[in-house]
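Okay, structure first, notes after.
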Amino acid sequence: MSALDNEVYRLMRHSAAMARLITVVQELSLARTLPGIINIVRHAARELTAADGATFVLRDGDKCYYADEDAITPLWKGKRFPLQGCVTGWAMLNAKPVLIEDVFNDPRVPADLYRPTFVKSMAVVPIRPSSAIGAIGAYWAEKRLPTADELMLLEALANTAAVAMENAQLAAEQREQLEAMRSAQEDARLALEAAQMGRWDYDLLAQSYFWDARCRQIFGVPADEAVTRDELIDCIIPADRERVAFTLSSAMSSPDNSGIAVQFQIFRADDGAPRWVYITGRTYFQGERCVRCVGVIEDVTDQKRLEQHLRLLVNELNHRVKNSLAVVQAIATQTFRSTSSHPAAIEAFSARIAALAKTHDVLTEDNWSGTDLRDIAALIGKTLATDSADRLHFSGPNVRLAPKTAVSLSLALHELATNAAKYGALSNEAGNVLLYWQVEGLHEDRRLFLHWEEQGGPEVAKPVRQGFGLRVLQRILPADLNGEVNLSYLPTGVVCTIEAPLETIPENNT
Amino acid sequence: MTQPRRALIVEDEMMIALTIEDILTELGYEIAGIATTLDKALQAATELAIDVAILDVNLNGRYSLPVADRLHARGVPFIFQTGYGAQGIDVSRFNAPVISKPFTAEDVRKALLAANVLA
């Protein structure tokens, strides 16, 4: 062939290769996964350079990984070699293409690896030379220097592959994020479904309400209709509307107050059934402006009914207990009346039963969860005659007492007050009773110190007989409170001090 | 004259414990101790020299059955007393007399008789 023929042949081959390169670029632009890219590139590299083999090599730390190949006889597919001591490694580390005319006459070639193969000459281009992520190799079975055209085509292929690989990486990350988001959404949906909660979302900017199927079911609104604010407000019973509106508007008016938790009654839109619902959520702000309000709704009708039923039971039980006490009182009064018993004994008995019943009342108000010492002290004042009650001065911090402690203390204070009214500081017109208490220590080490002191009464003397009052103070109270009681008959009046550990009982938050 | 028999009272309500104390004293018993909690009752049932025990079934919400087991193991006879009605906890396996609150001195006397430990 003449030189001109050679040049014409070269140009024809070159333009055919360029046309092929364009389709490869198109294919690569559509590839979204690494295996897809490798598959396109290994064939294209061999085809474009009319080589006898092509490899696609990935950088894997300090190794070259021969990911795939297209060759007349097998090369190194699936193998890993150190970057140092491997031609593709050299190309990646030096960010330069490598052209080798004779593989057995180049110090960069590990000849032992090439001897079993067909390779006599080769070209390698790094992918993304600035920080190589791989390389493309082309191999020939004859000794020849790869041409400038071949090198150009390989470099164009490597550049396109680099862009495609970055895209594939981004696509993979997006898929992962999307998957994570879907799974988080699914988890949240399952949790809400299990809790039988409905999810709502109010977009204040778009003025749109999102209500999921469960919300709609709870409120009895159709599944496919848009929900309006008025429609929902209409469901709320009139007595609760203002409270709900206030809770929502205060959450929407300040970022410092963004939590929503409100329980109210509705009449279900479809069948008018009365239901209790509990809404929790929070508001989101852009600057000072509330833009979104998100939360859940729960139908708490069953809990509410149970609660009301329990309340009813406690009230009923208290009623019955008090009735029983009244019957006991009546039986005792009538039994003793027909005997020679002292009327004062009957009176004392009745008063004690009455004190017990009143303590029960106070405890029932808080569902028998406990009561405050102040309420017990106030109760004592109420049982005294008005002029005596004015002379009972009590003060002390709020102290929550367990029901049993409250009953014991109440009975003991009743005995002290009755005794004071009969014989002590409240039996004349000048005496006073000081009742004060304090709490020392923290948490489970808290101790109650209570002090009863009579002043200005007639001179008192130690009683000769141990009556009921003394028994209550000296035996029952110490045992029930697990504490100590000291009773002194000072000439100035009775002084009683009580010291006991305080049980930790939860504050009542109703 | 023989030594008076010794009784242990297990009852969380001190007011009732004192009433039982009166009844037993009247019947000629000596009170070995009053236990108002399960822990104290277990200790008393283990350590005290006693001839009989009166056992409240419910001690501040805890059943006194471990105390019954311990007394049973020592061969000390005992009487259950309970505020529960028929639907209360079953104590029949102990084969001990049961009196229900509120009870009279006569109820206690009969139960002691049934337990064969009347002073």
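Quick note on labels: first sequence line is chain A, next is B, and so on, each numbered from 1. Quick caveat: nothing in here was measured; it's all calculated off a predicted structure.
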For A:Leu411, is it the side chain, the backbone, both, or neither that has a heavy atom closer than 4.5 Å to a heavy atom of chain B? side chain
With chain A, which of B:Thr36, B:Asp12, B:Thr37 has the greatest number of heavy-atom pairs at distances under 4.5 Å? B:Asp12
On a heavy-atom basis, which atom in B:Leu8 and which in B:Ala44 lie closest, and how many Å separate them? CD1-CB, 3.8 Å
Examine whether an atom of B:Asn60 lies under 4.5 Å from a heavy atom of chain A, and if so say whether it belongs to the side chain, the backbone or both; otherwise answer neither. side chain
Can you list the residues that meet the salt bridge (Lys or Arg N to Asp or Glu O under 4.0 Å) rule with A:Glu440, with sequence neighbours excluded? none
Count the heavy atoms of every other residue, nucleotide or ligand shown that sit under 6.0 Å from NE2 of A:His451, and state whether that count exceeds 12. yes
Looking at every heavy atom in both B:Ala111 and B:Ile99, which two are closest together, and how far apart are they? CB-CG2, 3.7 Å
